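Reviewing the structure listed below.
In what follows, every chain begins at residue 1, and chains take the letters A, B, ... in the order their sequences are listed. This one's a predicted model, so the numbers in the text were calculated from it and none came from an experiment.
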Amino acid sequence: MEDAGNLERIQRVIAETLALTDPDLSRETRVKEDLGADSMQVITIIISLDEEFDTEFDTVDLPKENVTIGWIEDFVARTLASKG
Amino acid sequence: MTAQSDRVVVTGTGALSSFGSGSEALWRACLAGEDPSAPVPASWSTYYRATSRTWAPLPPMNFSAMGFSRADVLTMSMPALLCAAASDEAMREAGATDLFRAAGPGALRAGVFVGTGFSGAKAPFDNYRAHLFGGMKSRFEQLLQDFPDDADLTEHVAALKAHARVNPLVICQTMPNAPSATVGIRFGLKGPNDTVCYACASGTVAIGRAYQAIKRGELNFAIAGGVEHLRDNAGGVFMGFDRLQTLAKPGAEQGAENRPFDRARTGFLFSEGGAGMLVLESASFARARGAAALAEVRGFALTSDAVSMVSISEDNNSICAMWDRLLEDARLAPTDIGYLNAHGTATEINDQVESALIERYFGVGPKINSTKSILGHTLGASGALEAIVTIKSLREQRVHVSRNLDHPIRELDFCKVSAAHPFDFALSESFGFGGHNAGLIFARVDHD
C-alpha cells in the first residue's frame, strides 16, 4: 500500500510540525514515544496532512499510543484509496 | 497628580482590521475616512433572507508572512490568530517580544486580558454543520442517483456544504479563552490570564482590568485588548443580528449605510471582526527597561444598567454613573475631556441616548467621533481598536472624521472632517448588550 512519495511527504510534515532540525525518521519511528510529541501535536500532524494531501483525515481511529510513521503512512494510503 | 510609580502607561499597540495588518494602517484609514463595506457573501442567501446585505469584511490575511507556521494556521482558531498577530505587533513596538520567554520570576507579574463577545463562534457553527449534515448529505446523494433530474433535490444537496469530519480541535477553537491563552503561551506570561465577556464593551473592559491590576501593584506588565471574528460558512452570527433588527439597512449607495449620529441612520455596519491589543505597564517598569510611553491610562470605570438585555433609555441607565466614577478615578472634571471616542453604533436608540447624555453631562465641550463610522462594529474588539485610535489621536493631536454625518441628530462638536485638535485627555467608551457601560481615559504622556 505504501507509496515512497507519500512517506517522504509525511516525514516532511512531521519534521515541520515538530520543528525537528535533523530528523532521523523511519516507518518504525513512534511519534509520541520517540519524537516527544504530545496528543495535540499528533492531531496537528494529522490536520497538516489534510492540507498536504488535499483531503480530510478522520481522527476517530487514531491510537493513543505507539503511533508510528508507518501507521500514519498506511492510514493516509487507506483514506486516499477510499476516496478514490 | 499621582506618584510616578503609580502611573500606568501604554508602550505598544497592534491591530488587525478591515484595513489589514497594523495599527498604523487602521489609523491612516480613519484619518482618510475610508470605507471597507462590501456586499455580504452571496452564498449566505442560500440559507436565509436578510434585511441587511452589507458588511465590512477582513482582507485576506497572510499569517505565514506574519511569522505563523502552517501548523499554527491550520490548528488555531481565527480569533486566536488575530489576537496573537495583533499582540506580536504590540510587543514589537514595546520592545518586549522576548522579555518573559526566559520564564524568570518576572513572568508571574505579567498578565493577559482579552475581551471578546463571541470568540470562536465559527468553530461550533461550522463543525455542527459537519456533525448534522455529513451523514445526511451522503443519503441525499444516494437519493439523487435515483432522481438525477430533480432540480430541487440537486439544489438542496449542493447547499449541504459541510466538512467531511468534525475538526478534532473544535473544542480548542471554540473555547472563549483560547485567544488569551494563546497570547500567554506565545510570550511566556505566567500571571493572570483573563478572558472577559461584556459583549460590545469587552475590549474596553479588558484594558480596564489590566490597568487596575497594574495600578493596584499586582502586575508590572500586561497585554490587553479585544478580538472578534464573526464569519462562518452560513452567515449565522450575521443572521442573528439581522433578526434583532440592529444592522444597517440597504441604502441607495454602497458605503452610505453606516451613519452613526446621523438622522438617517438605520443600524450598525456588521464587521467580520478584528483584533486590537495593547501593552500596558507601570511607568516605573517601562522606565527601568527603557520603553517609551505612548500614552497614560488615566482612568477606568464600569457600570451596569440592570434594566434590559439589548436596549438603553435616556432616563434609566448607569452611563452617567460610569462617567462619574471614571472622572473620579482619573481625578478630572468633565471640562478636561478634549476628545470623546463615542460608542456610536448608528442604531437608532444607542445614538439617541448616547448623544443626549453627552450633551447633558459634557455640554458642547469635547470633539466627538465614532470610529465605527469607519470600521463598522467589531463587537468585542471594538473597544480595543477604538482605544488604539484614541491613543493615536492623542499622540498626533488629530481627530478623524465621523463618516456619513450629513445631518447630526444633535448640536455637539462632531468631527465633520479629519483635523488637528489640541487636547490632553481623551475618553473612549463602549456599551454592551446586557447593559454594560465601560469607559477609559487616556492622557498625553507629556502632560503634567
Distance check, rounded to the nearest 0.5 Å: Thr75(B) atom OG1 versus Ile45(A) atom CD1?
11.5 Å
So with a 6.0 Å cut-off around NZ of Lys32(A), is the heavy-atom count from everything else above 12?
yes
Against chain B, label Ile43(A) side chain, backbone, both or neither, depending on which of its atoms sit under 4.5 Å from a heavy atom there.
side chain
Below 4.5 Å from any heavy atom of chain B, which atoms of Glu16(A) appear? Answer side chain, backbone, both or neither.
side chain
Of the backbone (N, CA, C, O) and the side chain (C-beta and beyond), which part of Asn167(B) lies under 4.5 Å from a heavy atom of chain A, both, or neither?
side chain
Should we count CG of Asp146(B) as having more than 12 external heavy atoms under 6.0 Å?
yes
More than 12 heavy atoms of other residues, nucleotides or ligands under 6.0 Å from CG of Asp54(A): yes or no?
no
Contacting moiety of Val60(A), where chain B heavy atoms sit under 4.5 Å:
neither
Counting heavy-atom pairs under 4.5 Å with chain B, which one of Leu62(A), Asp50(A), Thr55(A), Thr17(A) comes out on top?
Asp50(A)
As an exercise, state the distance from CD1 of Ile47(A) to CZ of Arg70(B), rounded to the nearest 0.5 Å.
12.0 Å
Ignoring hydrogens, what is the shortest heavy-atom contact between Ser48(A) and Leu74(B)? Give both atom names and the distance.
CA-CD1, 3.6 Å
